[in-house]
Amino acid sequence: MTDDPLVSLEDVTVRYPRADRPAVVGVTVRIDVGERVALVGPSGAGKSTLLSLCAGLTLPSDGEVRVLGVPTPLLGRRAQRPVRSRIGVITQDFGLVGPLRVASNVAAGRLGRWSWWQAVRSLVRPGPLDEIGAALRAVGIADKVWDRTDTLSGGEQQRTAIARALFQAPDLLLADEPVSALDPARSDAVMAVLAGHASGPGRALITSMHDAPLALAHCDRVIALREGRVVFDRPATEVTESHLTELYVIDEPSAP
Ligand code: ADP
């Protein structure tokens, strides 16, 4: 194990086509093994874009992003498949295949590590079933293993996406509002599972969260964003009520 960061962003800016302002502006951040990082901030602050940068799904307009030592423009190359398989992503739209059974969607977490033949076989006979069952049990839906995914509730689908990421067992877990469809008690339990995953050797978690108390309870570092810029980056134990109040204050348009 080296001291290389799992993720490094160096003066990164993202400009989406036709957007009137950049989504991320001059962000420099380093995330190390063992960290559980919450991205907080108002809607539109750039949290999803930052996660997408870390997943290599969005490329910086300026600056450099390296993930697991690889500059993200190179992540799509065939030779980087082993690196990609170490990155797990839970997106806000879950990215599930509705007509497939839950077991097959969870099994898809390992597609990046499987041969073509293993991938095809997993559609017909998903496995290993004990590990798929364990991932589903961790998020409380073991009884849904053979259900068609599109018959599940939104919260159950979100937990299927989380189970898929747990089954993948990535070193870097990127989660975009992973408990947005869950009730408070379940949110707390699932966040504990995600944080627990990230405490394994060589791992880290970066998660966006609109629920600040939940972020503080399960993450040890908080990066606050506003209008694409880092407003503060500090240990969760040092984040105060007034930091959060200031972060989420609504700018009223000035009177004419
Ligand atoms: P958050 O996750 O904090 O809500 P986002 O990263 O989704 O923030 O969005 C940051 C900014 O970028 C917002 O102003 C949003 O409207 C804009 N944005 C996000 N995705 C796109 C896109 N695909 N095209 C244009 N603008 C986008």
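In listed order, ligands and their atoms are each counted from 1. Heavy atoms only: backbone and side chains are in, while hydrogens, waters and symmetry mates are out. The model shown is predicted, which means the values in this text are computed figures rather than measured ones.
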> Students should be able to answer this: which protein heavy-atom is nearest to atom 7 (O) of ligand 1, and at what distance?
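Going atom by atom, the protein heavy atom closest to atom 7 (O) of ligand 1 ends up being Ser48 CB, 3.7 Å.
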> Would you mind running through ligand 1 and noting each atom that sits below 4.0 Å from a heavy atom of Pro42?
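It comes down to these atoms of ligand 1: 3 (O).
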> Looking at atom 16 (O) of ligand 1, tell me if a protein heavy atom falls under 4.0 Å from it.
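No.
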> Which residue is it: Arg110, Arg164, Arg137? I am looking for the one with a salt bridge (Lys or Arg N to Asp or Glu O under 4.0 Å) to Glu131.
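When Arg110, Arg164, Arg137 are each tested with Glu131, the salt bridge (Lys or Arg N to Asp or Glu O under 4.0 Å) holds only for Arg110.
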> Indicate whether any N or O donor in one side chain lies under 3.5 Å from an N or O acceptor in the other, for Arg203 and His197.
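The answer is yes; a qualifying pair exists.
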> Would Ala19 count as being in polar contact with ligand 1, using the rule that some N or O on each side must be under 3.5 angstrom apart?
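No: no nitrogen or oxygen of Ala19 is under 3.5 Å from one in ligand 1.
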> Could you check atom 5 (P) of ligand 1 against the protein and tell me its nearest heavy-atom contact, residue, atom and distance included?
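Answer, as residue, atom name and distance: Thr49 OG1, 3.7 Å.
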> Donor-acceptor check, side chain of Glu156 to backbone of Ser153, threshold 3.5 angstrom: yes or no?
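Yes: the side chain of Glu156 pairs with the backbone of Ser153.
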> Provide, to 0.1 Å, the distance between atom 3 (O) of ligand 1 and the closest protein heavy atom, together with that atom's residue and name.
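Result: Lys47 NZ, 2.8 Å.
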> Using only atom types and a distance under 3.5 Å, with no angle test, would you say the side chain of Gln168 pairs donor to acceptor with the backbone of Ser85?
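Yes: the side chain of Gln168 pairs with the backbone of Ser85.
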> Starting from atom 26 (N) of ligand 1, which protein heavy atom do you reach first, and at what distance in Å?
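That would be Tyr16 CD1, 3.4 Å.
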> At a non-hydrogen distance cut-off of under 4.0 Å, which region of Arg18 contacts ligand 1 (side chain, backbone, both, or neither)?
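Within the 4.0 Å criterion, Arg18 makes no contact with ligand 1.
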> Heavy-atom distances under 4.0 Å are what count here, so tell me which part of Ser208 touches ligand 1: side chain, backbone, both or neither.
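Near ligand 1, Ser208 shows nothing, with every heavy atom at 4.0 Å or more.
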> Flag the pair Pro178 / Met191 as yes when at least one side-chain heavy-atom distance between them is below 4.5 Å, and no otherwise.
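A side-chain contact under 4.5 Å exists here.
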> Show me which atoms of ligand 1 lie under 4.0 Å from any heavy atom of Ala45.
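Every atom of ligand 1 under 4.0 Å from some heavy atom of Ala45: 1 (P), 3 (O), 8 (O).
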> Please list the nearest protein heavy atom to atom 14 (O) of ligand 1 with its residue and the distance rounded to 0.1 Å.
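Ranking protein heavy atoms by distance from atom 14 (O) of ligand 1, first comes Arg21 NH2, 3.5 Å.
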> For residues Ser180 and Gln158, is any side-chain donor paired with an opposing acceptor at under 3.5 Å?
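The answer is yes; a qualifying pair exists.
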> Does Gly46 come within less than 4.0 angstrom of ligand 1, counting non-hydrogen atoms of the residue?
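Gly46: in contact with ligand 1 (<4.0 Å).
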> Would you check if there is a donor-acceptor pair between the side chains of Asp176 and Ser208 at a distance under 3.5 Å?
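Yes.
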> Under 30°, 30 to 60°, or over 60°: which ring-plane class applies to Phe232 and His243, parallel, tilted or perpendicular?
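Rings of Phe232 and His243: tilted, 30 to 60°.
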> Please determine, by modelled atom types, if Asn105 and Thr160 share a side-chain donor-acceptor pair under 3.5 angstrom.
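No, because no side-chain N or O of Asn105 sits under 3.5 Å from a partner of the opposite role on Thr160.
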> Which option, Gly44, Ser43, Ala23, owns the non-hydrogen atom nearest atom 13 (C) of ligand 1?
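Considering heavy atoms of Gly44, Ser43, Ala23, the nearest to atom 13 (C) of ligand 1 sits in Gly44.
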